[in-house]
Amino acid sequence: MTHAAQIQPTFEAWRAKARELLRHGVSPENVDWVDASQTASLLTEEPTEYQIAPNASVKVPAEFLRLAANVCAHTDERRFAILYRLLHRLTLGGEKHLLGMPSDRDVHQCNMWAKAVSRDIHKMHAFVRFRLVGVNEQNGREQFVAWFEPEYRITRLAAPFFEKRFAGMEWSILTPDECASWDGEKLSFMPGMSRHDAPAADAHDDLWRTYYRSIFNPARLKVQAMQSEMPMKYWKNLPEAEIIHDLIASSEKRVRTMIATPERPVKPALDNAYLKSLRQKPQKS
Amino acid sequence: MHCSVELMELTRKLEILADAAKYDASCASSGAARKDSRDGKGIGSTGGMGICHSYTPDGRCVSLLKVLLTNACLYDCHYCINRRSSNVQRARFTPEEVVQLTLDFYKRNYIEGLFLSSGIVRSADYTMEQVIEVARQLREVHHFRGYIHLKTIPEASQALIDKAGRYADRISINIELPSQQSLDRLAPEKNLTNTKQAMHGIRERIDENLAAKKESRQIVNRPRVKAPVFATGQSTQMIVGADDSSDALVLHRADELYRDCRLRRVYYSGFSPIPEPSVLLPIKPPPLVREHRLYQADWLLRFYGFDVGELLPKEDPNLDLDLDPKLAWALRNRAVFPVDINRASQELLWRIPGLGTVNVARILAARRWSRLTLADLQRMRVNLKKVQPFIIAADHRPRIALLESPNLRQHFLPGPRQLELNFTAPPPTTPADAAMALSGQI
């Protein structure tokens, strides 16, 4: 018989359901995984009748749990089913070494999903931009808010990094799916918000753009290399991205000017005690 | 909040002193000791992978606030825009200004930390003291736990270099050019022996620190002795294409530094045209791809068990610009192939063109349970066109005729390229330059 597994699209929900199904020995081809956030609430799940009595709990390698946490954050609708099949093969199926076989189709697919999610987490760590909104009058801590649009549902996975790094500030990161907030003591999560709930700019953005403009070397233009690491989908929330086009457009002229500049003659050494000492004893004693 | 005149002045300094720092290729922010700010004091964290917070259109990552404290300089290094002969505008930050900029940028998550260098003013020790003062304020006054990379001057006293190392996660000294002969011509104030001695000194401190850390971990039942804190790594940079040094000379020097001073990284910086050019410099910069090939060769030395002599035989002291150095080696050493991916040792797998260390590890793991086929390799995203002539798989034997054919090199050369349809990029000067620039991308 087919079991309808209707869950919220989170790792915790999948894990709870998967444990239950596995305890009753349900095979993967008999489970129909449904994302409850995507379906009408009329479709309430009926309590399942299992044909097999519950087993003792099964153990999986920690590596699998890490993989599963990332896979669940992906948006592909096949992820819960394939992940359960992997779990089933790994445990009841007796394929203990499965995770060591990157060439296996299920392992490969889950690795690809996990990799995409982990890249998205990494990019969130990189591209979140905090904006100063005020100072907490009681303790003097500065308060910051950021708006970010990750590709997958990664707010919970990405938040601990910000906690460690910015523990001395108060901050919130708003995203369309879920928001994270740190009050100096505790990390908490709230439902998603809209871009308009976050400030659009920070007084330091101009200084940051000045830095970005000045550290760029027009003589080594490699636009594709930039875009492969900083895809355009992230640009709309990066203050520095608005000057990229101008930098690219003006670089050829800047390089031509450099090449056309007449060479400078060598200036003689100054009368400086330190420079003299360098010439007198060319080696450190 | 700055008043507007102050802000304008700060902006002007930032423009000059970031522009002055852009020719240093180092951007790493990885490999620092683990630390964070969860004790509620200050901000910042390091440890694990460094993060690139942005990328500029030159394809380089922006991870640190990379600035000079001042671009005034007594030295006259001809490849450098800040040399005393240059007419570039000069500026100087106060230590407090750099500290504030670092903190402000860090809190907005623009950066991983600070990379501070400086032109040499008054003397090596005086300059070093100024640089150290910035790091001291960040660490001691503001409890900054982000990444700090300090450029040190080989002629500075050992005591100051030690002090820099106590505040920094990484310290570096640029070797600049691979031989004293080239230094004499292009950077007359620099001395290779001094540089190497200073690097040895830093290595000793790093080693001592590592040993102390290890010891303090082994003491289980006694109260933990706090290990002395010192930078966890050092790196250097060599400029390529400003002198006539061969790739062999560059890589032999790099290899020596990796072995003797245990550097984390040697950065190769292709000389690029600067404003204020010097009469002593070549007019034409080296192709960007040369720098790329040097990095590939550097990787082969450090992670793939190659030595310099294998990559650059005496009769050919420069890397092939058209082929990656491992492939070029394989074409010269065809008797080694084909290699059976289901049997060969790790060391031999590392030598197969197109296989990286990650995929080799995957192959070793997977072949314990099954015999690998080409389809398995494809799923691991191995470039089949590149590996096929060199390997035996469960369902594949290479055509020996191809492996022995004089045309094998032809098989790997890039075909006629489609020019990049990029309406924003300036048109490259010649199609050959365009191909170079393209293949130079990592």
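Since the model is a prediction, treat every value here as computed from it, not as a measurement. In what follows, chains are A, B, ... by sequence order, proteins preceding strands, each numbered from 1.
- Contacts between A/Pro268 and chain B at a heavy-atom distance below 4.5 Å involve the backbone alone (N, CA, C, O).
- B/His78 touches chain A through its side chain: at least one heavy atom from C-beta onward sits under 4.5 Å away, while N, CA, C and O do not.
- Heavy-atom distances place no part of A/Tyr234 under 4.5 Å from chain B, backbone and side chain included.
- Ranked by non-hydrogen atom pairs under 4.5 Å with chain A, the options B/Arg122, B/Arg145, B/Met380 are led by B/Arg122.
- Pairing each heavy atom of B/Ser54 with each of A/Trp208, the nearest pair is CB-CZ2, 4.3 Å.
- Only the side chain of A/Arg254 comes within contact range of chain B, judged by heavy atoms closer than 4.5 Å.
- The parts of A/Ile215 that come within reach of chain B are both its backbone and its side chain, each placing non-hydrogen atoms under 4.5 angstrom from that chain.
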*Could you walk me through whether B/Arg381 and A/Met112 pass the side chain to side chain contact (heavy atoms under 4.5 Å, CB included) check?*
CA-CA 11 Å; B/Arg381 297 229 174 147; A/Met112 297 290 284; 2.7 Å; yes

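- A salt bridge is defined here as a Lys NZ or Arg NE, NH1 or NH2 lying under 4.0 Å from an Asp or Glu carboxylate O, and A/Glu185 with B/Arg38 fails to meet this definition.
- Annotation: maximal heavy-atom pairing with chain A below 4.5 Å, among B/Gln378, B/Glu276, B/Met49, B/Arg367, occurs at B/Glu276.
- Minimum heavy-atom separation, A/Pro265 to B/Ser85: O-CB, 3.7 Å.
- The candidate from B/Tyr23, B/Tyr126, B/Tyr75 with the greatest count of non-hydrogen atom pairs under 4.5 Å with chain A is B/Tyr75.
- Among all heavy-atom pairs drawn from B/Lys22 and A/Phe216, the shortest one is NZ-O, 2.9 Å.
- Of all the heavy atoms in B/Ala124 and A/Tyr274, the pair that sits closest is CB-OH, 3.2 Å.
- The side-chain hydrogen bond (donor to acceptor under 3.5 Å, both in side chains) check on B/Arg12 picks up B/Glu9, with sequence neighbours excluded.
- When heavy atoms are compared at a cutoff of 4.5 Å, A/Ala241 does not approach chain B at all.
- Looking at B/Lys107, the atoms closer than 4.5 Å to chain A (heavy atoms on both sides) sit in the backbone and in the side chain alike.
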*Determine, step by step, whether B/Arg84 and A/Leu275 satisfy the side chain to side chain contact (heavy atoms under 4.5 Å, CB included) criterion, reporting the C-alpha distance in whole Å, the side-chain angles of both residues, the deciding distance to 0.1 Å, and the verdict.*
CA-CA 12 Å; B/Arg84 66 167 186 264; A/Leu275 279 187; 4.2 Å; yes

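- Across every non-hydrogen atom of A/Tyr211 and B/Val62, the tightest pair is CE2-CG1, 3.8 Å.
- Taking CG from B/Asp19 and OG1 from A/Thr210, the interatomic distance works out to 12.0 Å, rounded to the nearest 0.5 Å.
- Panel note: side chain B/Arg379, backbone A/Asp104; no donor-acceptor pair is recorded below 3.5 Å.
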_Derivation of the side chain to side chain contact (heavy atoms under 4.5 Å, CB included) call for B/Thr56 and A/Leu247_ = CA-CA 9 Å; B/Thr56 38; A/Leu247 288 182; 5.6 Å; no

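- Looking at every heavy atom in both residues, B/Asn109 comes nearest to A/Val128 through ND2-O, 3.1 Å.
- Aromatic ring orientation, A/His204 versus B/Phe105: perpendicular (interplanar angle above 60°, classes split at 30° and 60°).
- Comment: B/Arg60 does not engage A/Glu229 in a salt bridge, judged by the lack of any side-chain N to carboxylate O separation of less than 4.0 angstrom.
- Ranking B/Ile43, B/Asp36, B/Asp58 against chain A, the residue ahead of the rest is B/Asp58, based on heavy-atom pairs under 4.5 Å.
- A/Asn111 does not touch chain B: none of its heavy atoms, backbone or side chain, sits under 4.5 Å away.
- Within the 4.5 angstrom heavy-atom criterion, atoms from both the backbone and the side chain of A/Glu163 approach chain B.
- When heavy atoms are compared at a cutoff of 4.5 Å, A/His108 approaches chain B solely by way of its side chain, counted from C-beta outward.
- With a threshold of 4.5 angstrom between heavy atoms, A/Glu240 approaches chain B through side-chain atoms but not through N, CA, C or O.
- Both the backbone and the side chain of A/Tyr212 come within contact range of chain B, judged by heavy atoms closer than 4.5 Å.
- A distance of 11.0 Å separates CD1 in B/Ile81 from CZ in A/Arg264, rounded to the nearest 0.5 Å.
- Looking at B/Leu101, the atoms closer than 4.5 Å to chain A (heavy atoms on both sides) all sit in the side chain, from C-beta outward.
- Counting heavy-atom pairs under 4.5 Å between each of B/Ser37, B/Gly59, B/Ala366 and chain A puts B/Ser37 at the top.
- For a residue to count as touching a neighbouring chain, one of its non-hydrogen atoms must lie under 4.5 Å from one of that chain's; by this rule B/Leu17 does not touch chain A.
- Counting heavy-atom pairs closer than 4.5 Å to chain A, the top residue among B/Leu372, B/Ile274, B/Leu377, B/Asp125 is B/Ile274.
- B/Tyr110 and A/Asp202 share no side-chain donor-acceptor pair at under 3.5 Å.
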